[in-house]
Amino acid sequence: MTTLLHFSDTHFGTETPTVIEALYRQLQAKPIDAIILSGDLTQRARLHQFRDCRTFIDGFGMIPLLATPGNHDIPLWCPWERLFTPYRRYQKYFPTDFDRYGVISVCIDAVHIIGVRTTRRYRHLHGELSDRQIDRVGQLLQQAPANCLQLVVCHQPLYVLNKEDEVDLIRGAAKAVPLWRAAGAGGIVSGHIHRPFITPIPYSAHSLSMRPLWAIQAGTTTSRRLRDQYPNAFNVISNDIARVETDRIQNPLGLTQPAWMAALWLYDHKTAQFLPSEQYWIQ
Ligand SMILES: [Fe+2]
Ligand SMILES: [Fe+2]
């Protein structure tokens with residue numbers, strides 16, 4: 001059985017201690033096989049903010065981690081460093097063995113996770129997938145063993161629910177979504193917009209395959225930089241049936257033999273704990 005936690009947009013420097021305490025209280029004793037951290041680890045890419053984020057992650061034990069940097073993890077306030085060594089601070093505390101395309105791929109039990117570095121030193125806010133990155137991820141997806149769950153992690157979303165969030169869609173999404181769907185991706189795991197949701201990405205006129213592909217979007221997990229009414233949030237992705245509340249789980253795709261679920265957990269200020277929200281069979 002495999003269980004992954006998806007954290008995002010921790011924005012250390014603006015973290016809320018009571019929320020971190022709730023995460024430790026609720027998750028430290030649970031079996032967790034890996035953590036995905038989809039960018040904006042820090043608020044201003046200060047070294048002490050990276051260090052605090054590292055301490056937070058290490059508090060869950062020696063668990064495999066796949067992290068990608070977000071736009072806040074590049075030191076915007078230091079043009080020289082931003083231009084020549086934009087990821088030096090990130091790599092000091094979160095050494096990530098990206099290949100020359102800015103892609104990393106790891107297998108954890110029956111899950112294949114591909115991380116993509118989508119931030120650009122010349123584009124502050126908006127992310128970008130280059131043609132080479134899109135093709136490289138497509139190759140890696142096709143090379144993976146059959147029957148595993150394949151997740152692609154990008155800081156910025158490739159699919160959004162609200163019109164006003166379309167400005168935050170990553171550049172290259174229109175090409176990447178049909179290609180990665182056809183190559184075997186089961187989920188695209190993102191953050192950036194601080195709006196949590198889990199939803200199947202609709203098919204488009206460009207779809208090359210009818211495989212299900214989910215947008216698994218975390219809100220900010222620990223920051224007080226909340227957007228609209230959305231609280232702090234994280235996601236759980238698991239094939240551990242004991243974790244599934246079968247009376248609550250939704251199956252919008254009508255999967256006949258589902259194996260993997262994704263669940264959204266939202267922070268409740270009144271009780272100072274994370275509570276389960278939506279839960280879906282995804283594959
Ligand atoms: Fe963010
Ligand atoms: Fe961001």
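Source: prediction; values computed, not measured.
With rounding to the nearest 0.5 angstrom, the CD1 atom of I237 is 6.0 Å from the CD1 atom of I282. How far CD1 of I32 is from CD1 of I63: 4.5 Å, rounded to the nearest 0.5 Å. The OG1 atom of T256 sits 12.0 Å away from the CH2 atom of W281 when rounded to the nearest 0.5 Å. A distance of 15.0 Å separates CH2 of W180 from CZ of R211, quoted to the nearest 0.5 Å. Summarising the geometry, atom CZ belonging to R51 is positioned 16.0 Å from atom CZ belonging to F56; distances are rounded to the nearest 0.5 Å. Rounded to the nearest 0.5 Å, atoms CD1 (I198) and CD (Q250) are 10.0 Å apart.
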Criterion side chain to side chain contact (heavy atoms under 4.5 Å, CB included) on Q43 and T14, from CA distance to verdict
CA-CA 7 Å; Q43 177 63 11; T14 65; 3.6 Å; yes

Could you walk me through whether F274 and V19 pass side chain to side chain contact (heavy atoms under 4.5 Å, CB included), step by step?
CA-CA 8 Å; F274 282 85; V19 172; 3.6 Å; yes

With side chain to side chain contact (heavy atoms under 4.5 Å, CB included) as the criterion, how do F50 and F12 come out once you've worked through the C-alpha distance, each side chain's angles and the decisive distance to 0.1 Å?
CA-CA 7 Å; F50 280 115; F12 270 79; over 6 Å; no

Quick one, D52 with R46, criterion salt bridge (charged side-chain N to carboxylate O under 4.0 Å, His left out). Give me CA distance, side-chain angles, the key distance, then yes/no.
CA-CA 10 Å; D52 290 348; R46 303 278 180 189; over 6 Å; no

May I have the step-by-step check of side chain to side chain contact (heavy atoms under 4.5 Å, CB included) for I114 and I104, ending in yes or no?
CA-CA 6 Å; I114 300 170; I104 183 170; over 6 Å; no

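When every heavy atom of R181 is checked against every heavy atom of Y203, the shortest pair comes out as NH1-CE2, 3.1 Å. Nearest heavy-atom pair, I108 versus T2, reported as atom, atom and distance to 0.1 Å: O-CG2, 4.2 Å. The heavy-atom pair separating W260 from V111 by the smallest distance is CH2-CG2, 3.3 Å. Taking both residues in full, the closest heavy atoms of Q217 and G191 are given as NE2-O, 2.5 Å, listed atom of the first, atom of the second, then distance. Here the shortest heavy-atom pairing between A233 and L266 reads CB-CD2, 3.7 Å. What you find for A67 and F98 is that their closest heavy atoms are O-CZ, 4.1 Å.
Using cut-offs of 30° and 60° on the angle between ring planes, the pair W214 and Y280 is tilted. Using the six-membered ring where Trp is involved, Y24 and F60 have ring planes that are tilted, between 30° and 60° apart.
Remark: R89 engages E81 in a salt bridge, criterion side-chain N to carboxylate O under 4.0 Å. Ion pairing between R195 and E164 holds under the 4.0 Å rule for side-chain N and carboxylate O.
For the pair S277 and W265, the minimum side-chain heavy-atom distance is 4.5 Å or more. Looking only at side-chain heavy atoms (C-beta outward), T221 and Y267 stay at 4.5 Å or farther from each other. In this structure, Q273 and Q26 have side chains that are in contact, with non-hydrogen atoms separated by less than 4.5 Å. Counting heavy atoms from C-beta on, the side chains of V160 and D168 never come closer than 4.5 Å. The shortest side-chain heavy-atom distance between T18 and H269 does not fall under the 4.5 Å cut-off. Using a 4.5 Å heavy-atom cutoff, the side chains of R44 and H72 are in contact. Residues D131 and K175 form a side-chain contact, since some pair of their non-hydrogen atoms from C-beta on lies under 4.5 Å apart. Taking 4.5 Å as the limit, some side-chain heavy atom of L37 sits within range of a side-chain heavy atom of L65.
F197 is not connected to L5 by any chain of hydrophobic side-chain contacts under 4.5 Å among Ile, Leu, Val, Met, Phe, Trp and Tyr, and they are in different clusters. Cluster membership for V106 and V103, using ILVMFWY side-chain heavy atoms within less than 4.5 angstrom, is not shared. L151 is not connected to L213 by any chain of hydrophobic side-chain contacts under 4.5 Å among Ile, Leu, Val, Met, Phe, Trp and Tyr, and they are in different clusters. Clustering ILVMFWY residues whenever any of their side-chain heavy atoms sit less than 4.5 angstrom apart, transitively, puts I216 in a cluster other than the one holding V116. Residues I188 and L264 are members of separate hydrophobic clusters, defined by side-chain heavy-atom contacts under 4.5 angstrom among Ile, Leu, Val, Met, Phe, Trp and Tyr.
Side-chain atoms of D73 come within 3.5 Å of backbone atoms of L41 as a donor-acceptor pair (strictly under, hydrogens ignored). No donor-acceptor distance shorter than 3.5 angstrom exists from the side chain of D9 to the backbone of D40, with no hydrogens or angles considered. Under the 3.5 Å distance criterion, the side-chain polar atoms of H155 are left unmatched by any main-chain donor or acceptor of S190. Remark: side-chain polar atoms of R82 are paired, donor with acceptor, to backbone N or O of R121 under 3.5 angstrom. A donor-acceptor pair under 3.5 Å links the side-chain atoms of Q91 to the main chain of T96, judged by distance alone. Using modelled atom types, no side-chain atom of Q139 and backbone atom of V137 make a donor-acceptor pair closer than 3.5 Å. Without hydrogens or angle criteria, D135 side chain to R132 main chain gives no donor-acceptor distance under 3.5 Å. Remark: the backbone N or O of S8 is not paired with any side-chain donor or acceptor of T10 at under 3.5 angstrom. With Q283 contributing its side chain and A259 its backbone, the two residues share no donor-acceptor pair below 3.5 Å. The backbone N or O of E128 sits less than 3.5 Å from a side-chain atom of R120, completing a donor-acceptor pair.
In summary, the side chains of S223 and E15 do not present any donor paired with an acceptor at a separation below 3.5 Å, with no hydrogens or angles considered. Side-chain polar atoms of T42 and H11 form no donor-acceptor pair below 3.5 angstrom.
With respect to H192, the side chain to side chain donor-acceptor pair (under 3.5 Å) criterion is satisfied by exactly one of N71, T119, T220: N71. Test L158, I113, L140, L141 against V152 for side chain to side chain contact (heavy atoms under 4.5 Å, CB included) and you get one pass: L141.
The local environment of CG in N147 is sparse, with at most 12 non-hydrogen atoms from other residues, nucleotides or ligands closer than 6.0 Å. With a 6.0 Å radius and a threshold of 12 heavy atoms from other residues, nucleotides or ligands, K92 has its NZ atom at or below the threshold. For Q229, the CD atom counts as densely surrounded, since its 6.0 Å shell holds more than 12 non-hydrogen atoms of other residues, nucleotides or ligands.
Taking the ring-ring contact (aromatic ring centres under 6.0 Å, His included) definition, one finds that Y93 meets it with nothing, sequence neighbours left out.
The other residues sharing a hydrophobic cluster with W80 are L83, F84, where clustering joins ILVMFWY side chains under 4.5 Å apart.
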